[in-house]
Amino acid sequence: MRLQRGSGARLALIGLAVIGLFGIAGCGGGAGMHRERPAKGAPPNAIGVNAYLWRASLDTLAFMPLASADPYGGIINTDWYSDPEKPDERFKCTVYILDTRLRGDALKVTVFKEVSNGQGGWVPSQVSDQTSIDIENAILTRARQLRLSNLRG
C-alpha cells in the first residue's frame, strides 16, 4: 500500500514515529542523573528510584490505564485514556523518575495527545507544555504528602 501525501495513514505513521523517538530519547543517560540500583544488602523489595516519587506517580495517574512500569529504570507508561466527556480526544503519559532523591528536577512527565479524525482513526495533536508541568506538580505534591505522613508516623 502506497502512502500518499496528506493521507491519514501517513499522518498516523509519522505520529507513531514521533512517539517512538520520544520514548527512545528518554532512555539515554544524562550528566545530572543520579539513578542507582538497590545497594547490596538492601531489602529485596527496594526499588531503584525515589519511593515517594514512584508511589506518587502511580497514585496521580491511577485514573489512566497502566501499560508498563519499571521501578528500577524509573519509567511509567500509561495506555491511552479518553475522558468520557470528550471522547474525540485521548491522552497518554510517560513519567521518568530521574533521581533517587525527592527533588523537583528528579521528575519528567511527557504527555501525548491524539484527536479523532472522524473516520475511526487518531491523529497526533499538540499538548500544552503546562499540562506536563501540572502533572509534575501534582506528583511532587503527592510525594511530599507521602513523605510527611511517613515521618509523622
Side-chain angles (χ1 to χ4, degrees), residues 11-117 121-153:
L11 284 175
L13 185 62
I14 291 170
L16 288 174
V18 169
I19 290 169
L21 288 175
F22 278 118
I24 291 170
C27 295
M33 290 182 112
H34 185 271
R35 188 183 310 169
E36 302 171 354
R37 297 272 182 197
K40 287 185 180 179
N45 62 347
I47 61 174
V49 296
N50 183 280
Y52 298 116
L53 287 174
W54 181 257
R55 182 76 249 163
S57 297
L58 292 173
D59 288 354
T60 303
L61 297 175
F63 68 96
M64 300 178 87
L66 187 64
S68 67
D70 177 8
Y72 296 103
I75 300 173
I76 299 170
N77 289 305
T78 69
D79 205 352
W80 291 107
Y81 168 78
S82 291
D83 185 344
E85 294 180 11
K86 294 192 92 178
D88 61 333
E89 64 182 23
R90 64 185 188 171
F91 295 89
K92 183 177 186 175
C93 291
T94 301
V95 176
Y96 303 97
I97 300 174
L98 306 170
D99 205 323
T100 57
R101 299 168 290 180
L102 178 53
R103 299 170 39 116
D105 61 354
L107 185 67
K108 177 167 177 33
V109 175
T110 304
V111 180
F112 303 97
K113 177 182 177 182
E114 290 185 345
V115 294
S116 174
N117 65 5
W122 297 91
V123 179
S125 180
Q126 186 67 30
V127 179
S128 166
D129 291 338
Q130 190 63 41
T131 304
S132 294
I133 293 169
D134 290 345
I135 294 172
E136 287 173 4
N137 287 337
I139 292 171
L140 289 167
T141 298
R142 179 68 181 137
R144 289 183 202 106
Q145 291 170 346
L146 291 169
R147 183 174 184 271
L148 286 174
S149 68
N150 194 27
L151 291 176
R152 291 184 184 145

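Reckoned from all heavy atoms, side chains included, excluding hydrogens, waters and symmetry mates.
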- Task: Working to the nearest 0.5 Å, report the span between CD1 of Ile76 and OG of Ser68.
- Result: 9.0 Å
- Query: Do the side chains of Val49 and Asp99 get nearer than 4.5 Å, heavy atoms only?
  - Reply: no
- Query: Do you know the tightest heavy-atom contact between Val111 and Cys93?
  - Reply: CG2-SG, 3.9 Å
- Intermediate values then yes/no, side chain to side chain contact (heavy atoms under 4.5 Å, CB included), Leu107 and Leu140: CA-CA 8 Å; Leu107 185 67; Leu140 289 167; 4.0 Å; yes
- Side chain Asp70, main chain Gly74, donor-acceptor under 3.5 Å: no
- Message: How long is the straight-line distance from CH2 of Trp54 back to CD1 of Ile97, given to the nearest 0.5 Å?
- Response: 6.0 Å
- Item | Leu66 side, atom CG; Leu61 side, atom CG - distance, nearest 0.5 Å | 9.0 Å
- Item | Among Thr78, Thr110, Asn77, the one residue meeting side-chain hydrogen bond (donor to acceptor under 3.5 Å, both in side chains) with Thr94 | Asn77
- Message: Just so I know, are the side chains of Ser128 and Thr131 near enough to count as touching, which here means a heavy-atom distance under 4.5 Å?
- Response: yes
- Interatomic distance, Ser116 atom OG to Lys86 atom NZ [nearest 0.5 angstrom]: 12.5 Å
- Message: Quick one, Val115 and Asp88 - any side-chain contact, counting heavy atoms below 4.5 Å?
- Response: no
- Roughly how far, to the nearest 0.5 Å, is CD of Gln145 from CG of Asp59? 9.5 Å
- Query: Is the Phe63 to Tyr81 ring centre distance short of 6.0 Å?
  - Reply: yes
- Message: Would the distance check show the side chain of Ser82 and the main-chain N or O of Glu89 forming a donor-acceptor pair, the cut-off being under 3.5 Å?
- Response: yes
- Heavy-atom side-chain contact between Asp83 and Phe91 under 4.5 Å: no
- For the atom pair CG (Asn50) and CZ (Arg147), what is the distance rounded to the nearest 0.5 Å? 9.0 Å
- For atom CG of Asp129, is the number of surrounding heavy atoms from other residues, nucleotides or ligands below 6.0 Å larger than 12? no
- Mind running side chain to side chain contact (heavy atoms under 4.5 Å, CB included) on Phe112 and Trp80 for me, showing each step along the way? CA-CA 9 Å; Phe112 303 97; Trp80 291 107; 3.9 Å; yes
- Message: Taking Leu53's backbone N and O only, do any of them form a donor-acceptor pair with Ser57's side chain (distance below 3.5 Å, no angle check)?
- Response: yes
- Message: Please check: side-chain N/O of Ser125 versus main-chain N/O of Glu114, any donor-acceptor pairing under 3.5 Å?
- Response: no
- Hey, are Lys108 and Glu136 close enough for a salt bridge, meaning a charged N less than 4.0 Å from a carboxylate O? no
- Are Val109 and Ile139 close enough, and set up right, to give a side chain to side chain contact (heavy atoms under 4.5 Å, CB included), and what steps lead you there? CA-CA 10 Å; Val109 175; Ile139 292 171; 4.0 Å; yes
- Query: More than 12 heavy atoms of other residues, nucleotides or ligands under 6.0 Å from CD of Gln126: is that the case?
  - Reply: no
